[in-house]
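Before any comments, here is the structure.
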Amino acid sequence: MTQVSLADLIAGARAGLLVSFPTDTVPALAAIPEKAGLIFAAKQRSQDKPLILMAASAEDLWPYVRGNENEYKIWQEIAHKYWPGGLTLVLPASQRLPKVMNPTDPTTIGIRVPNSAIAQTILAQTGPLATTSANFSGQPPLQRMAEITAQFPNVLTLVTTESQEQMLGLGIPSTVAKWTGINWEILRQGAIKLDSLNENQI
């Protein structure tokens, strides 16, 4: 039985175990950044598909990225406008980021703050977590904790009574925008519909 209380899920994540919890988009499969390899193994995921670093606040994420003063200003303006929410920003990674988060290109990292009370409660106590959708690679994201428990029997999930009110997010992955050094490139249209983030940019 891998369905546990919120406190036990948080403790498990902090101890380096794989966990899953609802977010505002699709349920996350998560681990502390140093244990990101567990996610790749569980999902049978290609090493060239990086994970997303998720946290309860933007302030928790900035130490994992690096840029000049002007870039930070641009990034923070976008974060202030769209976070918490379904937008992942792909930015240059700092030395603090474990290489296992993005094995084939450790120079970049996707970061996001979810608009989900239960996810934020967990992340506030675990610190930033390596995350991705809860499913085998190439298959649709699983939506319900029971499905996740069945497919990933060793992953800690919340007991249904603790999460059923917030069980379902949009069911659509986050929109992904990558900083190119001068502007934004939309890599994936998802939960937030964007034509561009480049109005009033450099």
Side-chain angles (χ1 to χ4, degrees), residues 2 4 6-67 71-72 75-76 79 83-116 118-137 141 148 152 154-158 173-179 187-188:
T2 54
V4 296
L6 185 62
D8 285 345
L9 185 136
I10 290 166
R14 292 173 67 169
L17 301 178
L18 272 179
V19 301
S20 183
F21 51 83
T23 77
D24 51 339
T25 54
V26 295
L29 189 62
I32 55 174
E34 295 76 15
K35 293 288 189 178
L38 293 173
I39 297 176
F40 284 100
K43 281 178 65 96
Q44 301 161 23
R45 184 180 178 90
S46 168
Q47 296 275 301
D48 62 1
K49 293 183 176 179
L51 304 174
I52 292 171
L53 191 66
M54 196 179 283
S57 72
E59 288 66 37
D60 292 339
L61 292 168
W62 299 130
Y64 291 89
V65 302
R66 58 178 175 82
E71 287 177 317
Y72 271 111
W75 302 343
Q76 287 168 350
W83 286 352
L87 176 65
T88 296
L89 301 178
V90 179
L91 305 176
S94 73
Q95 291 297 313
R96 182 165 175 178
L97 186 79
K99 185 171 185 257
V100 69
M101 282 279 300
N102 190 353
T104 58
D105 182 15
T107 63
T108 64
I109 180 61
I111 59 174
R112 185 165 93 84
V113 176
N115 187 19
S116 161
I118 200 159
Q120 290 206 11
T121 297
I122 292 166
L123 291 161
Q125 296 184 64
T126 61
L129 294 179
T131 66
T132 184
S133 56
N135 55 286
F136 288 136
S137 196
I148 295 166
F152 298 101
N154 297 320
V155 171
L156 298 183
T157 59
L158 287 173
S174 63
T175 296
V176 180
K178 182 176 183 178
W179 179 249
L187 300 183
R188 178 177 74 191

Please report, to 0.1 Å, the donor-acceptor pairs under 3.5 Å made by any side chain of residues 29-39, with sequence neighbours excluded.
none

All N/O donor-acceptor pairs, side-chain side in residues 48-57, below 3.5 Å, sequence neighbours left out:
from, atom 1, to, atom 2, distance (Å)
D48, OD1, S46, OG, 2.4
S57, OG, D60, N, 3.4
S57, OG, D60, OD2, 3.3

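Between N102 and I109, the closest side-chain pair of non-hydrogen atoms is not below 4.5 Å. Taking 4.5 Å as the limit, every side-chain heavy atom of S116 sits out of range of all side-chain heavy atoms of F21. Side-chain contact between Y64 and L91 is absent, with no heavy atoms from C-beta onward closer than 4.5 Å. Looking at heavy atoms from C-beta onward, L158 lies in side-chain contact with I118 at the 4.5 angstrom threshold. Between I111 and W83 there is a side-chain heavy-atom pair separated by less than 4.5 Å.
More than 12 non-hydrogen atoms from other residues, nucleotides or ligands lie less than 6.0 angstrom from CZ of R188.
A donor-acceptor distance shorter than 3.5 angstrom exists from the side chain of Q120 to the backbone of P114, with no hydrogens or angles considered. At least one donor-acceptor pair under 3.5 Å links the side chain of R66 to the backbone N or O of A93. The closest donor-acceptor contact from the side chain of K43 to the backbone of A134 lies at 3.5 Å or more, if one exists at all. Side chain of S20 to main chain of A28: a donor-acceptor pair is present (N/O by atom type, distance under 3.5 Å, no hydrogens or angles).
The aromatic rings of W62 and Y72 sit perpendicular, their planes meeting at an angle over 60°, well past the 30° parallel limit.
Applying the salt bridge (Lys or Arg N to Asp or Glu O under 4.0 Å) test to every pair with at least one member in residues 95-116, sequence neighbours left out, gives these pairs: D24-R112.
When each of L18, D8, V4 is tested with L156 by the rule side-chain contact (heavy atoms from CB on, under 4.5 Å), just one qualifies, namely V4.
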side-chain contact (heavy atoms from CB on, under 4.5 Å) between L61 and W75: does it pass, once the steps are laid out? CA-CA 11 Å; L61 292 168; W75 302 343; over 6 Å; no
Kindly determine whether S174 and T25 satisfy side-chain hydrogen bond (donor to acceptor under 3.5 Å, both in side chains), including the steps that lead there. CA-CA 6 Å; S174 63; T25 54; 5.7 Å; no
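Taking all atoms of both residues into account, the shortest heavy-atom contact from F152 to A42 is CE2-O, 3.3 Å. When every heavy atom of V155 is checked against every heavy atom of V19, the shortest pair comes out as CG1-C, 3.5 Å.
A distance of 12.5 Å separates CZ in R14 from CD1 in I122, rounded to the nearest 0.5 Å.
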